[in-house]
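One-based numbering, in listed order, for ligands and for the atoms of each. On a predicted model such as this, the values are computed, not experimentally measured, just so you know.
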Amino acid sequence: MSEFLKLDRLTLGYGDTVAVEALDFAMQPGELVALLGPSGCGKTTTMRAIAGLMTPLGGTITLDGRDITRVPPNKRGVGLVFQSYALFPHLTVFENVAFGLRLARVPRVELTQRVDKALASTGLLHLAQRLPRELSGGQQQRVALARSIVVEPKLLLLDEPLSNLDARLRLEMRSELSRLQRELGIAMIYVTHDQSEALALADRIIVMRDGRIEQAGTPDAIYERPASVFVAGFMGFENTFVIHNGLLAGIAPIGFEVRDAVGLAWRPHAVVLGQGPHRGTVAGASYLGQVVEYLLTTPLGDIKAEAPASAPRHQAGETIAFDLPEASAVRLPRA
Ligand SMILES: Nc1ncnc2c1ncn2[C@@H]1O[C@H](COP(=O)(O)OP(=O)(O)O)[C@@H](O)[C@H]1O
Ligand SMILES: [Mg+2]
């Protein structure tokens, strides 16, 4: 496979502080990669380095076969969209989008064509003559997007671009971004701290932790087979337990071979209710249509379980047996 973007032992920092350490990462042309991780793990720092806004302490960045580690930002063919739109308040939507092309002295006819195309693909054509203050937050973010795609970057970096928008708009923009990415076939790195956003959008997810890559893989792989307790927790995996000396949560022997795992996790549908060696008290039951979700208080900690709505129902306060079957445990090899 051809490597379109390659980060090779990229190390980044501020003064004496190392923020990103020896990052290795490669992506394919046209790929949409989500960079996912908690605040402060080094996502923005990595984007800034790829865009050329900071000089690495070590390592190299290669884009489309060319070492761009020391190439100035405007010569990289990398577009960057931030959470804050930073539009020019005194320029119309059209002129905001045209700005980069004017700087590059693109001829007038071509400029108009390209701006109109970028406005059309972001659904802004009818707003071309408005000023930013006459637009909603979502529309302003679209202008920022149009402004970055009009210069036809090889790679587009989006750093938490939707986090200033309300929940409904975020969902709408999410699917538009995904459409736009398919239409333009442009490689994108989408930075987010929101796991559902990463799952919904990405071809591949890179989970970062403390300036390092914790796990990289397809959304399915990361969601189904988290490689660590950290990733499981971050991906909203329910029923994750850390093993101490072969004991689950330090209380009950788990009764099966845990091999090298330091943690075990079960999806709510994998918890067997009504039989098994463990006992729990039903703290709550929610009917969700096809299934009923139970929250159990147990000596192992809280357990979330799911049962088909057709199965016998349990009431709050009831004590029930449950099992955490070995076959459906997800093993977490690292902390
Ligand atoms: N301008 C700066 N000066 C010093 N430290 C910084 C600066 N920007 C970020 N950092 C530090 O670098 C680390 C990574 O930050 P950042 O890349 O912004 O994380 P993220 O985008 O994942 O939230 C954090 O520890 C942060 O405090
Ligand atoms: Mg950030």
Side-chain angles (χ1 to χ4, degrees), residues 5-27 32-61 63 68-69 72-73 76 78-87 137 140-141 144-145 147-148 153 155-167 169-170 173-174 177 187-202 204-217 219 222 226-236 334-335:
L5 173 73
K6 191 163 187 297
L7 307 182
D8 193 4
R9 299 197 63 77
L10 190 67
T11 299
L12 307 167
Y14 302 91
D16 290 340
T17 332
V18 171
V20 169
E21 199 163 355
L23 203 71
D24 284 323
F25 164 68
M27 76 188 271
L32 201 169
V33 171
L35 194 59
L36 176 68
S39 178
C41 72
K43 305 182 297 294
T44 294
T45 303
T46 307
M47 292 306 102
R48 288 172 48 84
I50 298 172
L53 302 176
M54 70 189 289
T55 307
L57 300 174
T60 56
I61 305 170
L63 181 64
I68 58 162
T69 317
R76 291 191 176 202
V78 175
L80 181 57
V81 177
F82 278 113
Q83 168 181 347
S84 59
Y85 334 117
L87 302 177
Q140 290 184 42
Q141 191 56 298
L145 197 58
R147 187 178 54 181
S148 64
L155 170 67
L156 187 56
L157 310 175
L158 300 145
D159 192 350
E160 313 224 13
L162 308 184
S163 53
N164 276 347
L165 307 178
D166 66 47
L169 202 52
R170 230 173 17 242
M173 285 293 286
R174 192 196 279 183
L177 259 178
M188 290 188 190
I189 303 182
Y190 187 95
V191 171
T192 179
H193 61 266
D194 179 341
Q195 44 105 354
S196 59
E197 214 162 79
L199 286 171
L201 274 171
R204 205 150 52 95
I205 296 178
I206 312 286
V207 183
M208 271 184 91
R209 175 192 192 180
D210 295 339
R212 294 164 184 273
I213 292 176
E214 179 81 1
Q215 188 176 1
I222 302 243
S228 67
V229 174
F230 173 84
V231 173
F234 202 74
M235 297 310 288
R334 289 183 278 123

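For atom 27 (O) of ligand 1, the protein comes within 4.0 Å by no heavy atom at all. The protein reaches atom 6 (C) of ligand 1 closely, with a heavy atom under 4.0 angstrom from it.
The atoms of ligand 1 that sit less than 4.0 Å from any heavy atom of T44 are 17 (O), 18 (O), 20 (P), 21 (O). Counting the atoms of ligand 1 from 1 in the order shown, those under 4.0 Å from a heavy atom of S39 are 23 (O). Applying the 4.0 Å criterion to heavy atoms of A19 picks out, from ligand 1, the atoms 12 (O), 13 (C).
The number of protein N/O/S atoms found under 2.8 Å from the Mg ion (ligand 2) is 1.
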Before giving the answer on side-chain contact (heavy atoms from CB on, under 4.5 Å), spell out for L53 and L80 the whole-Å C-alpha distance, their side-chain angles and the decisive distance to 0.1 Å.
CA-CA 10 Å; L53 302 176; L80 181 57; 3.7 Å; yes
Show the numbers, then the answer: is there a side-chain contact (heavy atoms from CB on, under 4.5 Å) between Y190 and E197?
CA-CA 9 Å; Y190 187 95; E197 214 162 79; 2.7 Å; yes
The test is side-chain contact (heavy atoms from CB on, under 4.5 Å); show your working for Y14 and M54 and say whether it passes.
CA-CA 9 Å; Y14 302 91; M54 70 189 289; 4.0 Å; yes
Please evaluate residues L36 and M235 with respect to the criterion side-chain contact (heavy atoms from CB on, under 4.5 Å), reporting the C-alpha separation (whole Å), side-chain torsions for both, the decisive distance (0.1 Å), and the verdict.
CA-CA 10 Å; L36 176 68; M235 297 310 288; 3.7 Å; yes
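With respect to atom 17 (O) of ligand 1, the closest heavy atom belonging to the protein is T45 OG1, 2.5 Å. Among protein heavy atoms, the minimum distance from atom 9 (C) of ligand 1 is reached at Y14 CE1, 3.4 Å.
Nearest heavy-atom pair, R174 versus S196, reported as atom, atom and distance to 0.1 Å: NH2-OG, 3.7 Å. Closest non-hydrogen pair, P56 versus L12, comes out as CA-CD2, 3.6 Å. Between L63 and R76 the shortest heavy-atom distance is CD2-O, 3.4 Å. Annotation for L23 and G211: closest pair CD1-O, 4.2 Å, computed over non-hydrogen atoms. Between G37 and F234, the closest heavy-atom pair is C-CZ, 3.5 Å.
Few gaps surround CG on D24; more than 12 heavy atoms of other groups in view lie less than 6.0 Å from it.
Residue G40 places a heavy atom less than 4.0 Å from ligand 1.
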